[in-house]
There are 2 protein chains.
Amino acid sequence: MSEPATPASVPRRGRKSEMSRGQILDAAARMLRRQGYGSTTLRSIAEVAGIQAGSIYYHFASKDEIMDAVMERGVRAVIDAVREALDTLPNDASHQRRIETAVGAHLQALLSHGDYTSASIRTYGEVPVAFKQKSLQLQQTYVALWQDMLAAAQADGAIRQDLDPHILRPLLLGSLNWTVEWYDPNQRPVEDIAAQAVDMLFHGILPDS
Amino acid sequence: MSEPATPASVPRRGRKSEMSRGQILDAAARMLRRQGYGSTTLRSIAEVAGIQAGSIYYHFASKDEIMDAVMERGVRAVIDAVREALDTLPNDASHQRRIETAVGAHLQALLSHGDYTSASIRTYGEVPVAFKQKSLQLQQTYVALWQDMLAAAQADGAIRQDLDPHILRPLLLGSLNWTVEWYDPNQRPVEDIAAQAVDMLFHGILPDS
DNA sequence: GTCTATACCTGGATAGAC
DNA sequence: GTCTATCCAGGTATAGAC
C-alpha cells in the first residue's frame, strides 16, 4: 500500500519543506514506537532526522502537534487500506468475504507501516485527549466502520446471532492490533497471520466434530 | 500478607514501611497505566501516595526499581491466578476445559488488578530491557505456560491440527490483553467477556452450518 | 520514616543570525 | 529552512534535620 505523494490534509508547501517534515515524522514515529510519548524527546527526534532540535519548530508548533500528526497518519494508513479493499470487492460480495478482506487489509496495513501504526496504537492511551484531536476522530470513524460491518453481517444471519458485536469487535481488533508487538516479518509473511486469524475467527480452534 | 509476631524489643521492617511501599506502588501503577513510563514522574507518584518525592528513596533506590516492581506484580497477579485455577481442576479435566479455565482466570485477574496489569502491559514494550529484569523472566514463564498448554491440547487432537500454535497463542493473548484498554466494569461483568471469548475461540463466529 | 532543601541535568520552546 | 545559543520549568536523585 503506497502513500499518496501528498496527504490531502497537509497544506501544499515547497519540496524541501515537505521532505524535512516527512523525515521528522518518520523519526518521531520510530521513537514513539520504541519509547512511548514521555520518553521521546525533540532532541532525539532531531538527531534521527539529521537536523537540530530548534529546526523542528519551523515545521511544527509543538511536540503535541508532531504526536497528533504521527497518530493520524497511523490510523489513516489502516482506514484507507481497509476502505479501499472493501470498495474493490464486487457489490454482491458476501459478508464473510467482506470481513475476511477487512481483516487482511487491516493486518497488511498495520504491519507494513510499522512505525506509524505501532506508534499510534502504543501512544494512543498515553496522551491527553487534547493532544490527539485529529487522530481521535479518525479512530472513531474506523471503529464505526467495523461495528457497522459486523452488525450488518449479523442482521443478515451471516454471523451467529448469540454473539454481542460490542464484545466481538474489540476482541477481534485487539487481537489484530497486538500483532505489532510480536510480529516478525523474518519469520512468516503477513498473509499467514491473516489467513490463520480469519480461519480461527470463522471456525474456531476445535476440530470438526 | 500478615506479619509474623515479633517481640517489641527487636527492631524489624515494620508495618509502616510495608504500608508506604504499597502506597507508592499503587500510585505508580495508577500513573503508569494512564501516562506510560516517560510521563510518570516521581513527584506525581509521591503526590498520589500522599508523601514527598524525596521520601520515596527510603523504599526504592530508583525510578526503574519502582517500575520493575509494578510490572512484576502485574504479571504475577495473572500468572498466579491462572496457575491456581488450573491446579484446582480435576486431574482428568479435558484440554478444552483447561483452556476455558485459563482464559477465564487470565481475564478475571487482568481486569480486577487493573492498574498493575494495565501498567505492566502498557509499559512493557516502552522501557529498556535493563529496567525489567524480574518482570521479564516471569513474563517468559507465563508465555511458556500457554504455549505448553496449547501444544499439549493439539498433540492430543483437542484442537485443530492445521493451526500453528505460535500464531494462535499471541493472537489469543493479544485479544485478552487488549481488554484492559476498553473493558468497562459498569457495562458488563467480566464473566460475559470471558464466556464470549471462549465461545468464539472454540466455535468461531459463523452460524452452525 | 518522612521532611525540606537543593544539586544537577535535560526537557520543550524561543530568538535572531545566516 | 536551518543553525546556534539560551531561557526556564521540571525531572531524578542526594543530604541532612527531625
Side-chain angles (χ1 to χ4, degrees), chain A residues 6 10-32 34-71 119 123 126-128 130-132, chain B residues 3 6 8-28 30-32 34-70 123 126-128 130-132:
Chain A
T6 310
V10 178
R12 250 260 169 261
R13 275 191 237 169
R15 200 164 293 136
K16 197 170 180 185
S17 170
E18 285 295 332
M19 228 187 82
S20 292
R21 193 188 148 95
Q23 282 168 337
I24 292 168
L25 284 181
D26 284 353
R30 202 171 137 191
M31 302 303 292
L32 284 170
R34 282 166 179 63
Q35 312 190 316
Y37 175 71
S39 305
T40 295
T41 69
L42 291 179
R43 290 188 186 9
S44 71
I45 292 175
E47 193 187 2
V48 172
I51 57 175
Q52 296 300 310
S55 309
I56 292 180
Y57 287 87
Y58 176 80
H59 303 276
F60 297 93
S62 67
K63 183 182 174 180
D64 323 337
E65 209 178 282
I66 302 179
M67 286 292 323
D68 201 15
V70 167
M71 293 201 295
T123 314
E126 197 181 338
V127 303
F131 295 177
K132 51 180 180 185
Chain B
E3 300 281 323
T6 309
S9 58
V10 177
R12 69 191 158 106
R13 191 107 206 229
R15 202 163 288 137
K16 199 171 179 185
S17 170
E18 286 295 332
M19 226 185 84
S20 292
R21 193 188 148 94
Q23 282 169 336
I24 291 167
L25 285 180
D26 284 354
R30 201 171 137 191
M31 303 303 292
L32 284 170
R34 283 167 178 64
Q35 312 190 318
Y37 175 71
S39 307
T40 294
T41 69
L42 291 178
R43 293 206 222 279
S44 70
I45 292 175
E47 193 187 3
V48 172
I51 58 176
Q52 294 302 310
S55 309
I56 291 179
Y57 287 87
Y58 177 81
H59 303 276
F60 297 93
S62 67
K63 183 181 174 181
D64 324 337
E65 209 178 283
I66 303 179
M67 286 293 321
D68 201 16
V70 167
T123 314
E126 196 180 339
V127 303
F131 296 177
K132 52 179 178 185

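We name chains A, B, ... by the order of the sequence lines, and we start the count at 1 in each one.
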S.K.: Strictly distance-based, threshold 3.5 Å: is any side-chain N or O of S44(A) a donor or acceptor partner for the main-chain N or O of T41(A)?
M.R.: yes
S.K.: Out of dG11(C), dT12(D), dC3(D), which has the shortest distance to the side chain of I51(A)?
M.R.: dC3(D)
S.K.: Tell me: NZ of K63(B) to C1' of dT14(D), nearest whole Å?
M.R.: 18 Å
S.K.: From CZ of F60(B) over to C1' of dT14(D), roughly how many Å is that when rounded to an integer?
M.R.: 18 Å
S.K.: Which nucleotide, dT14(D), dC3(C), dA13(C), lies nearest any side-chain atom of Y57(B)?
M.R.: dT14(D)
S.K.: M19(B) has an atom CE; how far is it from atom C1' of dT2(C), in whole Å?
M.R.: 13 Å
S.K.: To the nearest Å, how far apart are Q52(B) CD and dT12(D) C1'?
M.R.: 15 Å
S.K.: Has the side chain of K132(B) got a donor or acceptor atom that lies under 3.5 Å from a matching backbone atom of T123(B)?
M.R.: no
S.K.: For K63(B) and G38(B), which heavy atoms make the closest approach, and how far apart are they?
M.R.: NZ-O, 4.2 Å
S.K.: Looking only at heavy atoms, what is the nearest atom pair of S62(A) and Y57(A), with distance?
M.R.: CA-CE2, 4.2 Å
S.K.: For the side chain of R43(A), starting at C-beta, report the closest nucleotide among dG11(C), dT2(C), dT2(D).
M.R.: dG11(C)
S.K.: Can you tell me how far C1' of dA5(D) sits from CD1 of I56(A), to the nearest Å?
M.R.: 16 Å
S.K.: Respond yes when some side-chain nitrogen or oxygen of Y58(A) is under 4.0 Å from OP1 or OP2 of dT2(D), and no when none is.
M.R.: no
S.K.: Could you state the atom-to-atom distance from OH of Y37(B) to P of dG11(D) in whole Å?
M.R.: 13 Å
S.K.: dG1(C), dT14(C), dT2(D): which one has an atom nearest the side-chain heavy atoms of S55(A)?
M.R.: dT2(D)
S.K.: Write down the distance between CD1 (I24(B)) and C1' (dA13(D)), rounded to a whole number of angstrom.
M.R.: 14 Å
S.K.: Expressed in angstrom and rounded to an integer, what is the separation of E47(B) atom CD from dC3(C) atom P?
M.R.: 13 Å
S.K.: Which atoms form the tightest heavy-atom contact between E126(B) and Q35(A), and what is the distance?
M.R.: CG-O, 2.9 Å
S.K.: NA contact type, T40(B), heavy-atom cut-off 4.0 Å: base, sugar-phosphate, or nothing?
M.R.: sugar-phosphate
S.K.: Quick check for you: among dT12(D), dG11(C), dG1(C), whose closest atom lies nearest to any side-chain atom of S20(B)?
M.R.: dG1(C)
S.K.: Could you please name the option among dT2(D), dC3(D), dT12(D) that lies closest to any side-chain atom of L42(B)?
M.R.: dT12(D)
